[in-house]
Each structure stands twice: as structure tokens, then as C-alpha cells.
Amino acid sequence: MSQAPAFDELIHAPTRLSIVALLAASQWAEFTFVRDSLGMSDSALSKQVSILEGAGYVTVRKTGAGRSRRTHLRLSPRGRRAFSAHAAALQQIIADATAPAS
Amino acid sequence: MDTSDAREALAQIHAGQAQAVQEAARWRWPWWYVAGTAALMVAVSVAMDFYNDAALFTVIYCCGVALLQVPLAAIMRVRLHRSHLTLRATWPLAALPVAVAAVYVLARLALGAAGAPLPSTISGVLMAGAYVSLLPAVQAATARRLRPER
């Protein structure tokens, strides 16, 4: 995927970066899977997801009711573009640093 | 931001993506789904030796498979690996039913030509056996093809 490098402060925060990286490799991921994979509490993950959702990077879908209620997360197309641009920016930083000085 | 921060962030990204791919690769079809599908194959094949109504059994088989999909979808935690190369990763799963159907057709033709009794029943058992025995290899092949999206 080719994307113009663009550093994204919102994504770069370590916890949010982990969440977005996990979601980037999935279609829809269950909230509990993300929570367990990252070793976070429900409230901590909810807080970060709310921030990402507010920025339009993550879509939240709730299904079922009562005990079978499940929450699924998905990286929106906008979030996916921002993530790709951010990853490209990180690679650019490394490439610039390792390139021989002209 | 310095280079070490960028490297650390990229490593974090790769770790997160690898975790999702690992989860997708670990997923296996549950035994009851495999057993249900194999049982449907055998049941429909046996019935066709006694009742000559292929359309009816086609409908029964399709409905049975559709019913099995309901609980299957409910237990999936992470949808299989997002990639624009999805078909390149999962084509063995698509090839399996085609190969299994070929086993039935070829066996039935051969048994019919040989005048064997209950040709559909025997072909159905062979088909279900091929499905159950090939599925683990096909799932393993699909899991090996999963890669994080670039």
C-alpha cells in the first residue's frame, strides 16, 4: 500500500498505536480480543477507543443483548489511511537517518 | 522524534499486526461443523440411492449448510485477516469443496459403470472421508499464507 508519509500525533501514542496496528490486520475485531491481546482493562481500552472513534479512525458496533452483548471494533477507511501514512512517516524517519549524507 | 523512537513504534506496529494474523491463523473449524457437513454429505448421498429427487436433496443440503453457518459465524472472534490478497490466502478453502465434489462425481460414474450396488451411498462416504481428511491440511495451508497487510 503506497501512502504519502504523514506523522499522526493521535495515532502515535503507544497504546493507540498498538490498538490501531491490531485493527489494521483485521476486518472486525472483538473488544475482548483487543483488550486481552494488549493486556488492558475495559475502561482503559474504552477510553482510547472513544478518542479514536471521535477522530473518525475507528468504528464501533454493538450486537446482541444482555450477557451475549458483544462490541466489535473496526478501523475506518479514514483510520486506515492515517495509519498507513503514519507507518510511512516512521519508515521515512528511519530511511532519512540511515541514508548517507550528501 | 529520533530514529530509535521510530524503530520502536514500527516494531510495535509489526507486533500488533502479527498478533492479529496469529489469531486468524489459529482459528480452526469446530469439530461439530466438520462432523455436521460430513453427515449431510453422507445422508444426502444415501437418500439419493433410494429416492430419485436430486432437486429436493440439493435444497436440503444447502439449507443444512446454511444452518451450520449460523453458530459458526457466532463464535468467530476475529474475522479472517484483512487483506486485498484475501483470495490468494484462502483459495485452498475454496478448492476443497470443488475437489470433494469431484471425488463424488468420479466415484459415482465409476461405480455406476461397474454396476455396483448403492453407488451414491459409497460415493457419499468417499466424499465425506475426503472432506474430513483433507480439511486439516487445507486449513494449515491457508494459515501459512496469512501475512500482515502491508
Side-chain angles (χ1 to χ4, degrees), chain A residues 1-3 5 7-9 11-40 61 63-64 68-77 79-80 82-99, chain B residues 1-30 32-33 67-91 93-94 139 141-150:
Chain A
M1 184 186 295
S2 62
Q3 184 83 35
F7 193 88
D8 192 313
E9 287 288 353
I11 287 180
H12 190 67
T15 310
R16 288 196 288 272
L17 187 62
S18 297
I19 296 168
V20 170
L22 195 59
L23 295 180
S26 328
Q27 285 277 20
W28 288 93
E30 208 178 295
F31 184 92
T32 52
F33 166 69
V34 179
R35 181 198 64 196
D36 296 344
S37 297
L38 302 180
M40 298 174 73
R61 187 176 68 182
T63 55
S68 62
R69 188 168 178 80
R70 284 165 190 247
T71 302
H72 290 85
L73 310 175
R74 180 190 194 183
L75 205 56
S76 69
R80 208 167 277 284
F83 171 70
S84 298
H86 184 69
L90 294 173
Q91 283 165 341
Q92 185 76 55
I93 290 168
I94 295 169
D96 289 347
T98 52
Chain B
M1 152 167 293
D2 61 19
T3 322
S4 63
D5 286 341
R7 283 187 204 283
E8 200 177 314
L10 274 178
Q12 206 176 341
I13 288 171
H14 292 146
Q17 293 193 316
Q19 241 173 334
V21 171
Q22 197 179 17
E23 174 75 7
R26 197 171 51 213
W27 195 82
R28 292 285 183 270
W29 289 0
W32 52 263
Y33 180 84
L67 281 173
L68 283 169
Q69 295 283 337
V70 175
L72 184 71
I75 63 165
M76 288 181 79
R77 295 183 72 195
V78 177
R79 287 194 187 179
L80 193 65
H81 180 51
R82 183 197 185 276
S83 169
H84 54 285
L85 301 176
T86 297
L87 195 59
R88 195 176 290 181
T90 58
W91 70 262
L93 286 174
Q139 287 190 127
T142 304
R144 277 197 303 272
R145 288 168 182 278
L146 296 174
R147 296 282 183 275
E149 186 187 14
R150 296 286 177 230

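Because only heavy atoms are used, hydrogens play no part in the values below, and waters and symmetry mates are left out as well, while side chains stay in. Throughout, a chain's letter reflects where its sequence line sits, starting with A, and its residues are numbered from 1.
Rounded to the nearest 0.5 angstrom, A:Leu23 CG and B:Gln17 CD are separated by 10.5 Å. Between A:Ile94 atom CD1 and B:Thr3 atom OG1 the span is 7.5 Å, to the nearest 0.5 Å. Taking CD1 of B:Ile13 as the reference point, atom CG of A:Leu90 lies at 5.0 Å (rounded to 0.5 Å).
Smallest separation of non-hydrogen atoms from B:Gln19 and A:Ser37: NE2-O, 2.9 Å. For the residue pair A:Thr15 and B:Gln12, the shortest heavy atom distance occurs at N-NE2, 4.5 Å.
Looking at A:Gln91, the atoms closer than 4.5 Å to chain B (heavy atoms on both sides) sit in the backbone and in the side chain alike.
B:Asp2 has its side chain out of reach of A:Ile93: every pair of non-hydrogen atoms, C-beta onward, lies at least 4.5 Å apart.
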